[in-house]
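Scope of the values below: all heavy atoms of this structure, side chains included, with no hydrogens, waters or symmetry mates. When a residue number appears, it is its place in the shown sequence, counting from 1.
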Amino acid sequence: MSEHDKDVDAATGVETTGHEWDGIRELNNPLPRWWLYIFYITIVWAVVYWIFMPAWPALPGMGTNTPGIRNHSDRALVAESIDALRSARAENGAALIEASVEDILADQDLRQFAMAAGESAFGDNCATCHGAGGRGAPGYPTLADDVWLWGGGLDEIQHTITYGVRQENMESRFSMMPAFGRDQVLSAEEITNVAHYVRTLSGLEEPSDASIAGQEVYEWNCVACHGEAGTGDQLQGAPDLTDRDWLYGSDMATVQATIYNPRNSAMPAWGERLDETTVKALAVYVYALSGSEG
């Protein structure tokens, strides 16, 4: 195109590219110098990166990408970081296994390690049943309180986690409430009466003729485990009937159903699935959740 053939926009005095769309012509403005400089710098940076860092995909016969003269490997760096983390965890884990409650509470680093590891393990293994934060659900004990069947000290909690409840090992927590109705130990009337009496122990209803009759049934059948006053026995895993913490519910129908045919539910022996450090960390986490009695 000659000088005379150049198409110049009359409004701006700028040449056009010669392209036109629906009467709209494209001005041939040069790119800003700063933009060009940045573009050139990126080209130089790319060339330098190709030289120093892994960049080009595998070529035939190479079997891998170009390594670069730095021989940099993200995979190797991640592996080093994991090894360092495992080493630190092993050190903290060994200290945690031997530590008492007092030791853990006195050592801020050890406590933070135990709480972090315990919270992670709880979310992976325990929250499905006991809920986030140990809030519990019908049939699954709340762990964020200080109500315990087998004791709330760190050692007791760790033992329960390790060996489970009603599992096939010699150390497992084990208790079994008789099925007073299913096995025809008590009549329907006796079950109803003793259910009324049990509800009076925790103040859920006022004494009545039925509860008075139920007290005698209780004394003959329930005192050995739950105690004369109904306060339970942690050595046997017998719950306290004088509080208002009920595993399956405290309404009349639920109490009758429990007496008639108890659930006697189970808990896994986590010591068979988790390492000793993780079990101890879980115990510390649950202990802290509960503000336990120690």
Side-chain angles (χ1 to χ4, degrees), residues 1-90 92-93 108-109 111-140 142-144 268 270 273-275 277-278 281-282 285-286 288-289:
M1 182 182 290
S2 66
E3 289 287 334
H4 299 290
D5 294 330
K6 289 182 178 178
D7 185 14
V8 178
D9 180 60
T12 61
V14 178
E15 293 180 19
T16 70
T17 62
H19 302 153
E20 182 175 337
W21 296 272
D22 295 333
I24 300 173
R25 293 179 297 169
E26 180 183 10
L27 300 180
N28 193 18
N29 281 315
L31 290 169
R33 288 187 178 275
W34 64 266
W35 194 97
L36 286 172
Y37 291 150
I38 292 175
F39 179 66
Y40 296 145
I41 289 171
T42 61
I43 294 174
V44 173
W45 174 261
V47 173
V48 172
Y49 190 92
W50 293 342
I51 295 170
F52 283 90
M53 303 291 287
W56 291 98
L59 299 175
M62 289 185 60
T64 184
N65 58 280
T66 54
I69 63 176
R70 286 192 71 247
N71 201 29
H72 177 89
S73 171
D74 285 339
R75 180 175 295 179
L77 291 176
V78 169
E80 290 176 8
S81 298
I82 291 174
D83 287 342
L85 180 60
R86 284 175 176 167
S87 178
R89 283 183 173 176
N92 286 327
Q108 185 66 21
D109 291 338
R111 176 171 181 166
Q112 287 179 348
F113 169 78
M115 289 296 291
E119 183 177 13
S120 176
F122 187 92
D124 291 341
N125 300 282
C126 313
T128 302
C129 294
H130 293 285
R135 67 179 182 273
Y140 301 100
T142 299
L143 303 177
W270 290 105
R273 311 183 190 189
L274 304 176
D275 60 76
T277 300
T278 303
L282 266 173
Y285 178 71
V286 172
L289 275 181

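With sequence neighbours excluded, the residues satisfying side chain to side chain donor-acceptor pair (under 3.5 Å) with Asp74 are His72.
The heavy-atom pair separating Thr278 from Ala121 by the smallest distance is CG2-CB, 3.6 Å. Residues Met115 and Tyr285 share a closest heavy-atom pair of CE-CD1, 3.8 Å. Residue Trp50 comes nearest to Ala55 through the heavy atom pair CD1-CB, 3.6 Å, listed as atom of the first residue, atom of the second, then distance.
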Margin query: Please determine whether side-chain contact (heavy atoms from CB on, under 4.5 Å) holds for the pair Thr128 and Tyr140, giving the CA-CA distance in whole Å, both sets of side-chain angles, and the decisive distance to 0.1 Å.
Written below: CA-CA 10 Å; Thr128 302; Tyr140 301 100; over 6 Å; no
Next item on the list: For side-chain contact (heavy atoms from CB on, under 4.5 Å), just list the numbers for Tyr40 and Leu36, CA-CA rounded to whole Å, side-chain angles, deciding distance to a tenth of an Å, and then say yes or no.
Entry: CA-CA 6 Å; Tyr40 296 145; Leu36 286 172; 4.0 Å; yes
Margin query: As a quick check of understanding, evaluate side-chain contact (heavy atoms from CB on, under 4.5 Å) for Arg273 and Trp270, giving each step before the final call.
Written below: CA-CA 5 Å; Arg273 311 183 190 189; Trp270 290 105; 3.8 Å; yes
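Remark: the backbone N or O of Ala132 is paired with a side-chain donor or acceptor of Arg135 at under 3.5 angstrom. In this structure a side-chain-to-backbone donor-acceptor pair under 3.5 Å is missing from Ser120 to Ala117. Between the Ser81 side chain and the Leu77 main chain, a donor and an acceptor come within less than 3.5 Å of each other.
With rounding to the nearest 0.5 angstrom, the CG atom of Asn125 is 11.0 Å from the NE2 atom of His130. With rounding to the nearest 0.5 angstrom, the SG atom of Cys126 is 10.0 Å from the CG atom of Leu289.
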Throw together a table of side-chain donor-acceptor distances under 3.5 angstrom for residues 21-34, partners on residues two or more places apart or in other chains.
residue, atom, partner, partner atom, Å
Arg25, NH1, Asp7, OD1, 3.0
Arg25, NH1, Asp7, OD2, 3.0
Glu26, OE1, Thr17, OG1, 3.3
Glu26, OE1, His19, ND1, 3.4

